[in-house]
2 protein chains.
Amino acid sequence: MRAQTTDFAQALRKAGLRVTQQRVVLLSKLMEAVDHPTAEDLFARICAVDDSISLATVYRTLSALEEAGLIRKLSFESEPARFEITPTAEHDHLVDVDTGEVIEIASEEINRLRSELVTRLGYEIVSHHALIRARKI
Amino acid sequence: MRAQTTDFAQALRKAGLRVTQQRVVLLSKLMEAVDHPTAEDLFARICAVDDSISLATVYRTLSALEEAGLIRKLSFESEPARFEITPTAEHDHLVDVDTGEVIEIASEEINRLRSELVTRLGYEIVSHHALIRARKI
DNA sequence: GTTAATGCAAATCTTTTGCATGCGG
DNA sequence: CCGCATGCAAAAGATTTGCATTAAC
């Protein structure tokens, strides 16, 4: 725990951001999340342990952390945005249309093909995100 | 022109929707669009030729047409939704982060791999959409 | 001490909805 | 005619912002 808190502080400093209690708590809550929480979700989870945070700060912090590349924003269809700690390996998301469950899927093969295709068009990928809506067979 | 209008009417009827002037105009404007317009964009383009439409109707029509499978809704990051006529071949979108330009990209290879991967997880794809943010090299 | 970050509340932006009216079948 | 579709205006939901205050460095 202690070590992790320090890590968050270092990551924030490295990104040129001040180390505030709110930012550290938000990062830790996002790190321990097994789902992909929305800003409201995070706000509720943080309030449970420390109610000295406002929703506005959650949004501002999420923006700052995204800009710094520490977290990733996921835009699902007609839903509030969801967030995750920036993944080490690029992956996509499969949403179960019946249950709403989100599953992370990755394929080196697909990533490689996509990268080739984009390069052939004269571009370099800044980021990508594939959203697959699917149903259990 | 005449033939196309008829086509729109038929498509609407087949979807069990009433054929109204607003729906036909919206479909034709979306069909002739080379970009991926937002609801506001479409509203403006329709108003230019027929100002007897409201923004609410644009939204309602877009929802109805999407539900009927005639059009596809694209959710880009932190932007209003964009729409396109349902493509015959599945494709993804590359957004030029500098210019905002949207390019359609498709790869049978990627589609096949993705499909296999999802099947292996015990799911069948309902829809999918990959968004690649990229920059010219 | 400076400056950036925060909390609060109000504002903004996109999208949806209630209701009376009008048009399509 | 009947019922769905429309226009208008108001509401809703997510996110952003102005401003005074507080905390980080």
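To find a chain, count down the sequence lines: A is the first, B the second, and so on, and within it residues start at 1. Source: prediction; values computed, not measured.
- Within the nucleic acid shown, B:R23 comes within 4.0 Å of sugar-phosphate atoms alone, with no base atom in reach, counting heavy atoms only.
- Side-chain N/O atoms of A:R18 and base N/O atoms of C:dT3 include a donor-acceptor pair closer than 3.5 Å.
- Atom CG in A:L26 sits about 16 Å away from atom C1' in C:dG7, given to the nearest Å.
- Sequence order on DNA chain C of the closest nucleotides to B:E40 and B:Q21 puts B:E40 first from the 5' end.
- Between the side chain of A:T86 and the backbone N or O of A:G69 there is at least one donor-acceptor pair closer than 3.5 Å.
- The pair A:R114-B:E109 does not count as a salt bridge, with every side-chain nitrogen at least 4.0 angstrom from each carboxylate oxygen.
- With hydrogens and angles left out, the side chain of B:R60 and the base of D:dG7 share a donor-acceptor pair within 3.5 Å.
- Here the nucleotide nearest the side chain of B:V19, chosen from D:dC25, C:dG25, C:dA5, is C:dG25.
- Using a cutoff of 4.0 Å between basic side-chain nitrogens and carboxylate oxygens, B:E116 and B:R112 are scored as salt-bridged.
- One atom, CD of B:Q22, and another, C1' of D:dC4, lie 12 Å apart when rounded to the nearest Å.
- Counting only heavy atoms from C-beta on, B:A56 has its side chain closest to D:dC8 among D:dC8, D:dA14, C:dG7.
- When the options B:H91, B:H93, B:H129 are evaluated for a ring-ring contact (aromatic ring centres under 6.0 Å, His included) with B:H36, the one that passes is B:H93.
- Between A:T57 and B:T38, the residue anchored nearer the 5' end of DNA chain C, judged by the nucleotide with its closest heavy atom, is A:T57.
- Computed from coordinates, the A:L12 CG to C:dT6 P distance equals 10 Å when rounded to whole Å.
- In terms of position on DNA chain D, the residue among B:T61 and B:S78 whose nearest nucleotide sits closer to the 5' end is B:T61.
- A:D35 and A:R45 are joined by a salt bridge, as a carboxylate oxygen and a charged side-chain nitrogen come within less than 4.0 angstrom of each other.
- Residue A:F43 contributes atom CZ, which lies 11 Å from atom C1' of C:dC8 at whole-angstrom precision.
- Regarding B:K73, its NZ atom lies at a distance of 14 Å from the P atom of C:dT14, rounded to whole Å.
- The separation between A:R82 atom CZ and D:dG13 atom P is 17 Å, rounded to whole Å.
- Within the nucleic acid shown, B:A81 comes within 4.0 Å of sugar-phosphate atoms alone, with no base atom in reach, counting heavy atoms only.
- Remark: P of D:dT15 and CD of B:E79 are 14 Å apart, rounded to the nearest angstrom.
- The nearest whole Å value for the distance from the CG atom in B:L62 to the P atom in C:dT15 is 9 Å.
- Here A:Y59 does not reach the OP1 or OP2 of D:dT16: none of its side-chain N or O atoms lies under 4.0 Å away.
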